[in-house]
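Down below is the structure, laid out as structure tokens.
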Number of protein chains: 2
Amino acid sequence: MISNTRLAVAAHIVAVLASKKGESVKSRYVAGSVNTNAAFVRRILCSLTKAGIVRAEMGKSGGFKLVKDPGKITLWDLSVALGEERLFAVHKNPANPCCPVSRGMKESLGRAFSRVEKAAQAQMKRISVKELLPA
Amino acid sequence: MISNTRLAVAAHIVAVLASKKGESVKSRYVAGSVNTNAAFVRRILCSLTKAGIVRAEMGKSGGFKLVKDPGKITLWDLSVALGEERLFAVHKNPANPCCPVSRGMKESLGRAFSRVEKAAQAQMKRISVKELLPA
DNA sequence: CTTTATGTATCTATACCGGTTACATATTTC
DNA sequence: GAAATATGTAACCGGTATAGATACATAAAG
């Protein structure tokens with residue numbers, strides 16, 4: 001049902017920063033842990049920076065460090081930072097005005113999906129990055 | 001977070017069948033309500049048929065009809081029928097064996113995501129197609 | 001036998017995902 | 001001040017998924 005892995009990668013990235021306990025970490029190092037390239041990691045780190053989860057330091061001897069306590073950064077925080085809070089998509093085909101079912105369907109689906117997403121959201125708020133770290 | 005709209009379309013399709021109260025409905029008619037083409041609708045109806053939610057009748061004067069009570073067909077039933085029960089994806093990059101965080105990350109993420117999916121699933125089981133129909 | 005439905009394969013345009021390169025900008029270091 | 005090296009971000013690319021469209025074999029009714 002899902003397409004991209006950005007939430008997973010974001011969580012991985014933050015976990016790496018958390019494991020360094022506030023030290024400055026370079027995107028290249030993080031990329032090594034995720035096993036991807038540094039530019040992709042920076043793209044995600046950029047969203048996290050704008051969300052105030054991470055601080056970026058420019059220039060030589062730059063890098064990234066966590067701003068918040070890893071125990072207080074939840075999966076939901078990351079989803080919001082990435083702008084990916086929706087779990088379902090409704091088709092965009094225009095409703096058929098001749099069909100009563102079609103007329104109300106997209107609104108009904110929107111409400112139904114919102115209920116499910118709300119339940120998921122509640123759970124995501126209960127899972128912090130700290131729980132992803134090795135014991 | 002989601003890419004495809006098959007669950008939404010499947011729900012729409014079943015709602016149309018439900019509104020016809022067990023009568024046989026042609027894929028072409030359903031396609032008119034969803035505002036898409038009949039082959040796409042049949043592709044989804046095929047999954048629903050295999051899942052026992054719908055019965056297909058071949059040949060001239062063929063069509064589709066609901067097998068189950070619309071009040072007993074849930075969003076979760078449809079997701080299972082479509083083989084789309086996962087909401088999140090973990091990146092497939094191999095773990096970096098030198099990094100303790102990386103070593104455990106994919107398992108940790110799998111567990112975390114499963115918890116969220118379970119919450120979503122519980123909610124999806126509580127929403128039936130009947131609730132999507134106009135009052 | 002003709003008509004007309006489903007089942008399914010194939011083709012296509014579009015979009016997205018993630019990898020990659022490149023380079024402007026910022027900041028430390030010398 | 002100049003060199004070195006980090007982030008920020010745009011641009012491009014190949015792979016893949018989505019959904020639309022056509023086509024046709026198969027099945028059943030008339």
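The figures that follow rest on heavy atoms only: side chains count, while hydrogens, waters and symmetry mates do not. Below, chain A is the first sequence line, B the second, and so on; all start at residue 1. Keep in mind it's a predicted model, so treat the numbers as computed, not measured.
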Separation of atom CD in B/E84 from atom C1' in D/dA17, rounded to whole Å: 11 Å

- prompt: So does B/E131 pair up with A/R115, basic N to acidic O under 4.0 Å?
  reply: yes

message: Expressed as a whole number of angstroms, how long is the span from B/N37:CG to C/dA13:P?
response: 16 Å

- prompt: Applying the 4.5 Å side-chain criterion to the ILVMFWY set and letting contacts propagate, would A/Y29 and A/L132 be lumped into a single cluster?
  reply: yes

task: Rounded to the nearest angstrom, tell me the gap between atom CG in A/L7 and atom P in C/dG18.
output: 11 Å

message: Between B/E84 and B/S79, is there a side-chain donor-acceptor contact under 3.5 Å, judged purely by atom types and distance?
response: no

message: Please give me every residue in residues 41-50 of chain B whose heavy atoms get under 4.0 Å of an atom in DNA chain D, ordered by residue number.
response: B/R42, B/R43

message: Apply salt bridge (charged side-chain N to carboxylate O under 4.0 Å, His left out) to residues A/R86 and A/E117 and explain how you reach the verdict.
response: CA-CA 7 Å; A/R86 306 305 309 264; A/E117 284 159 356; 2.9 Å; yes

query: From B/R103 CZ over to A/S33 OG, what is the distance, rounded to the nearest 0.5 angstrom?
result: 10.0 Å

query: Are OP1 or OP2 of C/dC17 and a side-chain N or O of A/N4 less than 4.0 angstrom apart?
result: yes

query: Separation of A/K92 atom NZ from D/dA19 atom P, in whole Å?
result: 8 Å

statement: A/H12 atom NE2 is separated from C/dG18 atom P, nearest whole Å, by 15 Å

- request: Remember a base hit wins even if backbone is also touched, and classify B/A39 as base, sugar-phosphate or nothing at under 4.0 Å, heavy atoms.
  value: base

query: Given C/dG19, is OP1 or OP2 found less than 4.0 Å from the side-chain N or O atoms of A/T36?
result: yes

message: Judged by each residue's nearest nucleotide on DNA chain C, which is more toward the 5′ side, B/N93 or B/S27?
response: B/S27

statement: A/R28 CZ to D/dG8 P, in whole Å, measures 17 Å

message: Would you say B/S3 places a side-chain N or O within less than 4.0 Å of OP1 or OP2 belonging to C/dA15?
response: no

- prompt: Going by the ring pair (Phe, Tyr, Trp, His ring centres under 6.0 Å) test, which pairs reach into residues 103-135 of chain B, not counting sequence neighbours?
  reply: B/F88-B/F113

A/F64 CZ to A/S24 OG distance, which is reported to the nearest 0.5 Å: 8.5 Å

message: Return the CD1 to CD1 distance between A/I44 and A/I13, rounded to the nearest 0.5 Å.
response: 4.5 Å

message: Treating primed atoms plus P, OP1 and OP2 as sugar-phosphate and everything else as base, which nucleotides of nucleotides 24-30 of chain C get B, S or - for protein heavy atoms under 4.0 Å?
response: --BBB--

- request: Specify the separation, in whole Å, of atom CZ of B/F40 and atom C1' of C/dA13.
  value: 15 Å

query: So, do A/V30 and A/L17 sit near enough that their side-chain heavy atoms are less than 4.5 Å apart?
result: yes

task: Mind calculating the distance between CZ (A/R55) and P (D/dT7) to the nearest angstrom?
output: 15 Å

- request: Give one of base, sugar-phosphate or nothing for B/N35, where a contact means two heavy atoms less than 4.0 Å apart.
  value: nothing

